[in-house]
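In what follows, every heavy atom counts, from backbone to side chain, and hydrogens, waters and symmetry copies are set aside.
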Amino acid sequence: MKNYSNTFDVKFIFQNQLVNIEKISYDKGNYSLLTIVAKQNEDQTLQLALDIRNLLSLALGTRIIFDKHSFWSGKNERVVNRTMQNGINAGFQIIPDGEISIFLKSTLSVWFKLSGEEKREFYIVIDFLNKTRKDFVEDRVLKLMQAWECSAVYWSKSNELSDDLLSLQSKIMKVFKDWKKESGFKDENGVLGANLKISMNQESLMSRIEKFIVEKKYKSQQLISQLKDVKKMRDQTVHSGQIKKSGEEVILIMEPVIKALQLIILYNLGYQGLIIDTIDNWVAWKDISEYFD
C-alpha cells in the first residue's frame, strides 16, 4: 500500500479472517503490506482489501493506493499489477495511529453491510475531503463544499423550498415569461430560465445541509455559521475566481468544517473511540462521543 503513514503495525480478526498491516522497505521507499488470510475466493478477498483501503483513506486523510495484488493458494502465487494515479490528494488525519485497529474492527462491520452504491457515496465524500489540505485554497474550498453538498444529498431527505421562496420564485419566473413575450427572446433549451432558479436551489441545498447537521446531532453551535462562510468563499471563487480573504484566514475557517464532516462520517459508520483534535494549538485525543448529543 502506498501513502499509508501509520507508525503502528495492525493486526485483528474480522469474520474469521486474519488481517495484518505492517511496514516494509523496498529500494524505491517505504510501503505497507496488507495481508488477509481467508477461506474465500479472490473476488471476496479483494473486496475486503478495498473496503479496508477506503476506510484507511478516511482515517488517515489521504488516498491509499494498491499497485500490486498477490493471491496465494498453497504455494501458488498469482500477481496482479495495476497503476493508480497518485496526484494531489491530502486531507487531515482524524484517527490516532494507535487506534487504527480499533477503528477498522468497529467500522468494517457497518461498512461490510453497505450496498455497492452506498460505498460509492462514502468514497466520493471521503475523496473530496482528502483534497482539502493542499493545492490552491480556492480549489480546496470548492472540494469542501462539494463534500458537504454530496453528504446532504446522499444521507438526508430532500428539503423543499419554503412557501416564501416558492412565491418569490413564481413571481420571478412570471416576470421572465412576460419579458420573453415582449422582447421576442428565445431561451434556447431553457438555459436562462434554469439559471434564474439556481440561487433558489442553492438556498434549498444549504437548508438541506443545515437539516443534515441537526439530524446527525452534531453539537457545535458555530458549525452552520462556519459553513455559510465557506459557501460565501465558494461563491466568490465561482463568480470571480478569487476569495477576498488571506490564505491563512481561509484555512482557519475551513478546518472545523472539515473536521465536523469527518466526525459525522465516523459516527455514521459506528466508530466509538478516540479522534485527533486541536485545542489551543496543541494536538489532543478526544472521545468522539463528546461531539454528539
Next on the checklist: Run the side chain to side chain contact (heavy atoms under 4.5 Å, CB included) test against Glu290 and tell me which residues pass, sequence neighbours left out.
Outcome noted: Lys286, Asp287

Next on the checklist: Just to verify, what does Trp282 make a ring pair (Phe, Tyr, Trp, His ring centres under 6.0 Å) with, not counting sequence neighbours?
Outcome noted: none

Checklist entry - Would you say the side chain of Glu149 lies within less than 4.5 Å of the side chain of Arg234, judging by non-hydrogen atoms? => result yes

Checklist entry - Which pairs, with at least one residue in residues 247-265 and sequence neighbours excluded, count as a salt bridge (charged side-chain N to carboxylate O under 4.0 Å, His left out)? => result Lys259-Asp277

Next on the checklist: Same cluster or not: Ile124 versus Leu114, using hydrophobic residues (I, L, V, M, F, W, Y) connected whenever any side-chain heavy atoms lie under 4.5 Å apart?
Outcome noted: yes

Item to check | Hydrophobic cluster identity match, Phe122 and Val110, side-chain contacts under 4.5 Å | outcome: yes

Checklist outcome for this item: Output for pair (Tyr291 OH, Leu223 CG), nearest 0.5 Å, gives 13.0 Å

Next on the checklist: Val175: which residues meet the side chain to side chain contact (heavy atoms under 4.5 Å, CB included) condition with it, sequence neighbours left out?
Outcome noted: none

Checklist entry - Could you give the distance from NZ (Lys134) to CZ (Arg140), rounded to the nearest 0.5 Å? => result 10.0 Å

Checklist entry - Could you state the interatomic distance from CG (Leu269) to CG (Leu55), rounded to the nearest 0.5 Å? => result 6.5 Å

Checklist entry - Quick one: do Phe136 and Met145 end up in the same hydrophobic cluster if we chain Ile, Leu, Val, Met, Phe, Trp and Tyr together by side-chain heavy atoms under 4.5 Å apart? => result no

Next on the checklist: For Arg208 versus Ala152, what's the shortest heavy-atom pair and its separation?
Outcome noted: NE-O, 3.3 Å

Checklist outcome for this item: When every non-hydrogen atom of Val125 is compared with those of Cys150, the smallest separation belongs to CG2-CB, 4.0 Å

Next on the checklist: Around atom NZ of Lys180, are there more than 12 heavy atoms from other residues, nucleotides or ligands closer than 6.0 Å?
Outcome noted: yes

Item to check | Residue pair Gln226 / Lys231, side-chain heavy-atom distance below 4.5 Å | outcome: no

Item to check | Residue list, side chain to side chain contact (heavy atoms under 4.5 Å, CB included) with Gln146, at least two apart or on another chain | outcome: Phe128, Lys143

Checklist entry - Stepwise, does the salt bridge (charged side-chain N to carboxylate O under 4.0 Å, His left out) test hold for Glu182 with Lys177? => result CA-CA 9 Å; Glu182 292 171 3; Lys177 184 178 179 180; over 6 Å; no

Checklist entry - Taking C-beta and beyond as the side chain, do Ile288 and Leu274 meet within less than 4.5 Å on heavy atoms? => result no

Item to check | Qualifying residues under side-chain hydrogen bond (donor to acceptor under 3.5 Å, both in side chains), relative to Glu215, sequence neighbours excluded | outcome: Ser156

Checklist entry - Please, which pairs that meet ring-ring contact (aromatic ring centres under 6.0 Å, His included) have at least one residue in residues 222-274, sequence neighbours excluded? => result Phe103-Tyr271, Tyr267-Phe292

Checklist entry - Counting only heavy atoms not in Lys232, do more than 12 sit closer than 6.0 Å to its NZ atom? => result no

Item to check | Derivation of the side chain to side chain contact (heavy atoms under 4.5 Å, CB included) call for Ile52 and Phe14 | outcome: CA-CA 11 Å; Ile52 291 171; Phe14 175 71; over 6 Å; no

Next on the checklist: Working note: Met206 + Leu227, criterion side chain to side chain contact (heavy atoms under 4.5 Å, CB included); need CA distance, chi angles, decisive distance, verdict.
Outcome noted: CA-CA 9 Å; Met206 194 64 205; Leu227 256 169; 3.8 Å; yes

Checklist entry - Which side chain to side chain donor-acceptor pair (under 3.5 Å) pairs, counting each pair once, include a residue from residues 95-111, with sequence neighbours left out? => result Thr7-Asp97, Asp51-Trp111, Gln93-Asp97

Item to check | ILVMFWY clustering at 4.5 Å (side-chain atoms), partners of Leu142 | outcome: Val238

Checklist outcome for this item: Taken in chain and number order and not counting sequence neighbours, the residues that satisfy side-chain hydrogen bond (donor to acceptor under 3.5 Å, both in side chains) with Ser183 are none

Next on the checklist: Ignoring hydrogens and geometry beyond distance, is a side-chain donor-acceptor pair present between Ser207 and Glu210 at under 3.5 Å?
Outcome noted: no

Checklist outcome for this item: For Ala147 and Ser151 the tightest heavy-atom approach is O-OG, 2.8 Å

Checklist entry - Would Ile95 and Ile275 count as a side chain to side chain contact (heavy atoms under 4.5 Å, CB included) if you check the C-alpha gap in whole Å, the side-chain angles of each, and the deciding distance to 0.1 Å? => result CA-CA 5 Å; Ile95 302 294; Ile275 60 93; 4.2 Å; yes

Checklist entry - Would you say the side chain of Ile126 lies within less than 4.5 Å of the side chain of Asn54, judging by non-hydrogen atoms? => result no

Item to check | Minimum side-chain heavy-atom gap Phe212-Ile264 below 4.5 Å | outcome: yes

Item to check | Gap between atom OH of Tyr154 and atom CG of Asn268 - 0.5 Å precision | outcome: 14.5 Å

Item to check | Heavy-atom check, side chain of Thr237 versus side chain of Asp139, under 4.5 Å | outcome: no

Next on the checklist: Once rounded to the nearest 0.5 Å, what's the spacing between atom CG of Leu261 and atom CD1 of Ile94?
Outcome noted: 10.5 Å

Next on the checklist: Are Val19 and Leu50 linked, directly or through intermediate hydrophobic residues, by side-chain heavy-atom contacts shorter than 4.5 Å (ILVMFWY only)?
Outcome noted: yes

Next on the checklist: Could you tell me if the side chain of Phe176 sits less than 4.5 Å from the side chain of Lys171, heavy atoms only?
Outcome noted: no

Checklist entry - Does the side chain of Ile209 reach to within under 4.5 Å of the side chain of Ile224, using non-hydrogen atoms? => result no

Checklist entry - For Lys174, what residues pass the side-chain hydrogen bond (donor to acceptor under 3.5 Å, both in side chains) criterion, not counting sequence neighbours? => result Asp178

Item to check | All pairs passing salt bridge (charged side-chain N to carboxylate O under 4.0 Å, His left out) where residues 260-271 contributes a residue, at least two apart | outcome: none

Item to check | Distance in Å, Thr132 OG1 paired with Ile258 CD1, rounded so as to fall on 0.5 Å steps | outcome: 3.5 Å

Checklist entry - In the single-linkage hydrophobic clustering (I, L, V, M, F, W, Y; side-chain heavy atoms under 4.5 Å), do Trp155 and Val214 co-cluster? => result no

Next on the checklist: Let's go through Asn130 and Ser57 carefully: what are the C-alpha distance in whole Å and the side-chain angles of both, what is the deciding distance for side chain to side chain contact (heavy atoms under 4.5 Å, CB included) to 0.1 Å, and is it a yes or a no?
Outcome noted: CA-CA 8 Å; Asn130 287 348; Ser57 294; 4.0 Å; yes

